[in-house]
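Structure first, then comments.
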Amino acid sequence: MGVVLAVPLVLWLFALVILPNLILLVYAFCDRDDFGQVVPKFSLEAFTRLADTSYLKILLRSLALSGVATTICVLVGFPVAYFIGRTSAKWQNKLLILVMIPFWISFLVRTYAWMILLRSEGLINALLQYTHVIAKPLELLYTDFAVLIGIVYAYLPFTILPIYASVEKLDPSLMEAASNLGARPLRTFWSVILPLTRPGIVAAALFVFIPSVGMFAIADLMGGARNQLVGNVIQNQFGQGRNWPFGAALGVVLLTLFLALLSWALKKDGEEALHR
Amino acid sequence: MSRAMIELHNVSKRFGAVEAVRGVDLTIAEGEIVTLLGPSGSGKTTLLRMIAGFELPDKGRIVLDGKDVTHAPPYERDVRLVFQSYALFPHLTVEQNVEFGLKMMGVSASERRERVKDAISLVRIEGKEKARPHELSGGQKQRVALARALVCKPKVLLLDEPLSALDAKLRDAMQVELKKLQQKVGITFVFVTHDQQSALVVSDRIAVVNEGRIEQYAGVAEIYHRPKTAFVASFLGESNLLTARVLSRGDGKVRLSLAAGIEVIANDDGSRQYGSQVTVAIRPEKIHVEIFEFEMDGTFHGQVTDEIFRGPLAQLSIITESGLELTAVVATRTADRDTPSKGEQVTWWVHRDDVVIVG
């Protein structure tokens with residue numbers, strides 16, 4: 001019976017997770033003809049192109065930008081999630097709905113809204129000039145800073161939710177116990193709250209880091225042509241670049257990176273999560 | 001009495017519309033075991049949480065070993081609490097849990113090792129040092145919680161319903177063990193419980209808490225034998241609570257009529273004012289019951305309407321001709337006599353020391 005019930009899930013995973021990734025893997029090792037058409041012939045050309053340091057630079061820049069965005073998301077998300085998790089049940093639901101409201105609006109619309117806010121004649125610059133904080137408009141849009149804002153804004157709800165889930169499970173008497181045993185609030189945070197909410201924090205960090213490394217829409221719209229990320233490069237290979245094997249190879253590299261990261265995170269936290 | 005360890009002066013606490021604690025005065029001496037006994041919602045837990053510093057009183061003062069701690073945060077009070085849920089840190093081993101408080105106090109690593117070892121052997125959980133809380137049984141968690149608190153050598157150990165999660169056998173054993181442990185470490189213990197049996201076994205003194213007030217605060221024997229209010233008489237053990245009419249007073253005695261033809265004498269300590277109507281409490285085991293009928297001054301007749309066998313004791317329901325209903329507890333059959341059984345006529349009497357005017 002159990003086996004039968006697992007069939008839909010296995011089929012689903014096979015069709016939508018395993019199969020696409022296998023196709024990606026096969027493409028990465030294929031050759032191209034002169035017009036960029038993929039030909040089913042074994043080739044390592046795509047991977048040799050990876051050795052080009054300009055791609056490595058873009059990859060590292062993407063990882064760094066996502067790393068910074070992830071850090072900001074966790075630093076901003078944790079206090080919010082903690083606050084929501086500790087208020088009364090009545091308020092928790094209302095606040096969680098507020099966190100999720102942005103999901104009701106198209107992602108593109110929200111990103112364009114940020115562009116309007118950030119551009120030279122946008123709201124922020126206008127306000128700063130009006131109050132004479134600055135004389136000339138700041139260059140906000142089409143910078144790494146703009147991309148960072150875009151990523152943080154898009155992924156913050158994904159950080160709040162898993163952290164909230166682990167804060168909400170936290171037994172308040174544990175904090176009282178720490179305080180009773182002589183721990184000042186900061187000490188209680190480091191020794192009790194942080195270790196016990198770590199699974200939520202790790203999940204939150206992965207939810208931001210992994211999708212944002214491969215993300216291209218925000219970089220496209222808010223980063224401009226100069227601020228390419230690895231996601232844009234990959235997208236380009238399947239589009240104008242007409243180099244599917246290279247795009248696939250980049251995808252395989254990212255995927256391997258994420259799997260390594262994920263298995264490390266799961267190994268560390270999975271063991272503890274089992275004991276709760 | 002030795003010096004005061006905890007003093008509550010006119011302490012009050014309100015949660016919204018609920019007055020949890022109303023003007024409580026309480027002094028607990030150094031090295032004593034005191035139980036705050038009361039039903040749930042009586043305010044006993046709020047009192048405990050105020051001593052620990054988790055709640056601040058709206059009014060009044062809390063003095064700990066001569067120092068006013070009314071507004072001190074929990075981490076600055078030299079009291080340790082054994083939580084009802086134990087509240088062991090799930091991410092730490094038994095050893096690390098016990099060590100936690102010492103680390104916070106800044107005790108050196110070598111001394112910590114020593115004291116953790118001592119505390120673990122004091123509560124007899126050797127061999128579990130590396131275990132995580134989830135691997136322990138309820139009784140073991142309780143011991144770890146005790147060790148974690150005691151290892152800090154606090155001035156006061158607070159215990160919030162520490163026995164409620166244990167099964168009856170284990171609870172009985174732990175009661176005795178806690179009492180012995182307290183005598184060994186000499187720390188002032190404050191117990192909070194709704195279990196009057198544990199309270200009697202464990203405590204030196206009991207404060208009976210009801211509706212945010214302390215109804216009576218006295219030694220265990222006194223509070224059992226001389227309850228001051230009807231609530232104390234019925235909450236702590238069983239009592240026959242009877243309405244009586246005062247016939248006369250004088251010579252330190254009160255003559256009371258319980259029902260037509262049933263007149264008993266009670267002691268009058270002169271401390272109370274009462275009108276012609278009073279409530280008296282008589283413990284069931286203080287009612288002497290004899291199976292044969294005889295007449296003497298102060299004896300009455302009655303009929304057994306029900307008998308509940310409880311092993312060493314039997315509980316009898318007795319009704320007199322004038323309709324007075326009483327519950328008596330007698331020893332069950334011994335070599336020379338039988339327990340009165342249902343339907344039988346009995347003779348009963350009660351000593352004047354055992355008729356307690358409670359209101």
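Below, chain A is the first sequence line, B the second, and so on; all start at residue 1. Atoms considered below: every heavy atom in the structure, side chains included; atoms not considered: hydrogens, waters and symmetry mates.
Of residues 161-173 of chain A, those residues with a non-hydrogen atom less than 4.5 Å from any non-hydrogen atom of chain B are, in numerical order, A:Asp171, A:Ser173. Identified by a heavy-atom distance below 4.5 Å to chain A, the contributing residues of residues 142-157 of chain B are B:Arg148, B:Cys152, in residue-number order.
Scanning both residues, A:Leu196 and B:Pro90, for their nearest heavy atoms gives CD2-CG, 3.5 Å.
Proximity to chain B (any heavy atom under 4.5 Å) is shown, for A:Ser191, by both the backbone and the side chain. At a 4.5 Å heavy-atom cutoff, the contact between B:Glu76 and chain A is made by side-chain atoms alone. Only the side chain of B:Phe83 comes within contact range of chain A, with at least one heavy atom under 4.5 Å from a heavy atom of that chain. Proximity to chain A (any heavy atom under 4.5 Å) is shown, for B:Val82, by neither the backbone nor the side chain. Heavy atoms closer than 4.5 Å to chain B are found in the side chain of A:Arg187, but not in its backbone.
Judged by distance alone, with hydrogens and angles left aside, the side-chain atoms of B:Arg171 form no donor-acceptor pair with the main-chain N or O of B:Ser164 at under 3.5 Å. Using a distance-only test at 3.5 Å, with no hydrogens or angles considered, a donor-acceptor pair links the side chain of B:Lys44 to the main chain of B:Gly38.
Sparse packing is recorded around CZ of A:Phe83, with 12 or fewer heavy atoms of other residues, nucleotides or ligands lying under 6.0 Å away. In the displayed structure, A:Phe189 atom CZ is contacted under 6.0 Å by more than 12 heavy atoms of other residues, nucleotides or ligands. More than 12 heavy atoms of other shown residues, nucleotides or ligands fall within 6.0 angstrom of atom OH in A:Tyr153. With a 6.0 Å radius and a threshold of 12 heavy atoms from other residues, nucleotides or ligands, A:Lys94 has its NZ atom above the threshold.
A:Tyr82 and A:Phe78 have parallel rings, their planes meeting at less than 30° on a 0 to 90° scale where 60° marks the start of perpendicular. Classified by interplanar angle (parallel below 30°, tilted 30° to 60°, perpendicular above 60°), the ring pair A:Phe103/A:Phe158 is tilted.
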Please report the C-alpha distance between B:Asp195 and B:Thr193 in whole Å, then the side-chain angles of each, then the deciding distance to 0.1 Å, and finally whether the side chain to side chain donor-acceptor pair (under 3.5 Å) criterion is met. CA-CA 5 Å; B:Asp195 176 4; B:Thr193 187; 5.1 Å; no

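When each of B:Leu36, B:Val190, B:Val192 is paired with B:Asp160, the side-chain contact (heavy atoms from CB on, under 4.5 Å) condition holds for B:Val192 and for no other. The residue from B:Glu32, B:Lys179, B:Gln182 that alone fulfils the side-chain contact (heavy atoms from CB on, under 4.5 Å) condition with B:Phe189 is B:Gln182.
Taking chain A as the reference chain and counting heavy-atom pairs below 4.5 Å, the highest number among B:Leu81, B:Leu88, B:Leu102 is found for B:Leu81.
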